[in-house]
Amino acid sequence: MTSLTTAWTVAPEPVDSPDALALWRAYYTEVSDRWYLLHEDRRTDPDELEREIAAGAEGGLTPPDGRLLVARYGGTPAGTAGVRRTADPAVAELTRVFLLPDQRGKGGAALLVAAAEDAARALGASRLVLDTRGDLVEARTLYARLGYEETAPHNDEPYAEHWFAKNLG
């Protein structure tokens, strides 16, 4: 019998690979639809969705200043996490932490974040920051469980409502 942790692999992947693009589409669709359903009782307009997915595909997650990590469960693409440098060389930003809905609850999120922390260290960072929205309760719970502390805002992103940071030691 395979344990949950051995069923997972996490590795860097180009942002334009077919698996990375499919996961980006799933991530963006979910967070966009959640926002619109909460605030406007509708899903994202398909044309807007396509524009935003195309505009944000790279997201600063290409080497040498960033990394996109893809998690696979049993070899099947299951989620992502991204890390990118900030203006402060000691600080990196965690972004796009996402697992497909049918892969949640299997331990992959913590493995993805740990791999992202290692990637941030490899970029020279000693601190990792992130932002998230209030409606993404699961994300906020995950970050707190993994040792991230809520902080004052570190950016002025329009959808950011909560900011977290962790010293990487």
Side-chain angles (χ1 to χ4, degrees), residues 1-37 43-86 92-125 128-133 135-143 145-146 148 155 157 159-160 164 166 168:
M1 184 160 116
T2 304
S3 76
L4 290 180
T5 55
T6 58
W8 286 101
T9 60
V10 179
E13 183 137 353
V15 296
D16 60 353
S17 77
D19 291 341
L21 290 171
L23 289 163
W24 166 234
R25 173 177 293 285
Y27 166 85
Y28 195 88
T29 301
E30 181 173 327
V31 297
S32 183
D33 279 353
R34 280 179 72 161
W35 192 90
Y36 279 117
L37 286 168
R43 295 196 177 276
T44 311
D45 173 84
D47 291 336
E48 176 190 1
L49 185 66
E50 292 306 315
R51 276 192 314 274
E52 294 302 317
I53 287 171
E58 189 272 332
L61 303 177
T62 57
D65 295 321
R67 301 286 183 280
L68 178 70
L69 304 169
V70 170
R72 287 178 168 76
Y73 186 77
T76 301
T80 63
V83 177
R84 56 186 170 218
R85 290 184 185 171
T86 67
E93 182 180 18
L94 177 63
T95 187
R96 291 194 197 174
V97 177
F98 172 73
L99 284 174
L100 292 169
D102 64 340
Q103 298 300 328
R104 295 174 188 161
K106 298 178 181 179
L111 293 172
L112 263 170
V113 173
E117 291 170 357
D118 289 343
R121 286 183 196 96
L123 291 172
L128 199 53
V129 298
L130 64 96
D131 65 68
T132 191
R133 297 190 327 231
D135 63 305
L136 300 176
V137 176
E138 311 92 336
R140 293 191 347 257
T141 301
L142 171 71
Y143 300 133
R145 181 171 53 87
L146 297 178
Y148 288 79
N155 63 28
E157 292 294 323
Y159 297 104
F164 289 82
K166 181 178 181 180
L168 298 177

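Only heavy atoms go into these numbers, but all of them, side chains included; no hydrogens, no water, no symmetry mates.
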- Note on the structure: Of all heavy-atom pairs linking L23 and P77, the shortest is CD1-CB, 4.1 Å
- Side chain K106, main chain A7, donor-acceptor under 3.5 Å: no
- Query: Do you know the tightest heavy-atom contact between A20 and L68?
  - Reply: CB-CD2, 3.6 Å
- Item | Spatial distance of atom OG1 (T62) from atom CG (D16) [nearest 0.5 Å] | 9.5 Å
- Task: Test L37 against R43 for side chain to side chain contact (heavy atoms under 4.5 Å, CB included), laying out the working first.
- Result: CA-CA 6 Å; L37 286 168; R43 295 196 177 276; 3.7 Å; yes
- Message: Test side chain to side chain contact (heavy atoms under 4.5 Å, CB included) on L128 and R121; report intermediate values, then the result.
- Response: CA-CA 9 Å; L128 199 53; R121 286 183 196 96; over 6 Å; no
- Query: Looking at A71 and V10, what are the two nearest heavy atoms and their distance?
  - Reply: CB-CG2, 4.0 Å
- Item | Qualifying residues under salt bridge (charged side-chain N to carboxylate O under 4.0 Å, His left out), relative to E30, sequence neighbours excluded | R34, R104
- Message: Over 60° means perpendicular and under 30° means parallel, so tell me whether Y148 and Y143 are parallel, tilted or perpendicular.
- Response: perpendicular
- Run the side chain to side chain contact (heavy atoms under 4.5 Å, CB included) check on T44 and T29 step by step: do they pass? CA-CA 8 Å; T44 311; T29 301; over 6 Å; no
- Message: I need the minimum non-hydrogen distance between A120 and L168, along with the two atoms involved.
- Response: CB-CD1, 3.8 Å
- Interatomic distance, CH2@W35 vs CZ@R133, rounded to 0.5 Å, equals 8.5 Å
- CG on L130 to CG on N155, rounded to 0.5 Å: 9.5 Å
- Roughly how far apart are F164 CZ and D131 CG, rounded to 0.5 Å? 10.0 Å
- Search all heavy atoms of A119 against all heavy atoms of V83 and return the closest pair with its distance. CB-CG2, 4.3 Å
- Query: How close do W8 and G107 get, heavy atom to heavy atom, and via which atoms?
  - Reply: NE1-C, 4.0 Å
- Item | Close side-chain approach of T80 and W24, heavy atoms under 4.5 Å | no
- Any side-chain heavy atom of R67 sitting closer than 4.5 Å to one from R85? no
- Output all residues satisfying salt bridge (charged side-chain N to carboxylate O under 4.0 Å, His left out) with R51, sequence neighbours left out; order by chain, then residue number. none
Quiz: residues 94-102 side-chain donor-acceptor pairs under 3.5 angstrom, not counting sequence neighbours:
| unit_1 | atom_1 | unit_2 | atom_2 | d |
| --- | --- | --- | --- | --- |
| R96 | NH1 | A57 | O | 3.2 |
| R96 | NH2 | G56 | O | 2.3 |
| R96 | NH2 | A57 | O | 3.4 |

- Passes side chain to side chain contact (heavy atoms under 4.5 Å, CB included), L136 versus R140? Steps please. CA-CA 7 Å; L136 300 176; R140 293 191 347 257; 5.7 Å; no
- Query: Distance from E13 atom CD to R72 atom CZ, nearest 0.5 Å?
  - Reply: 4.5 Å
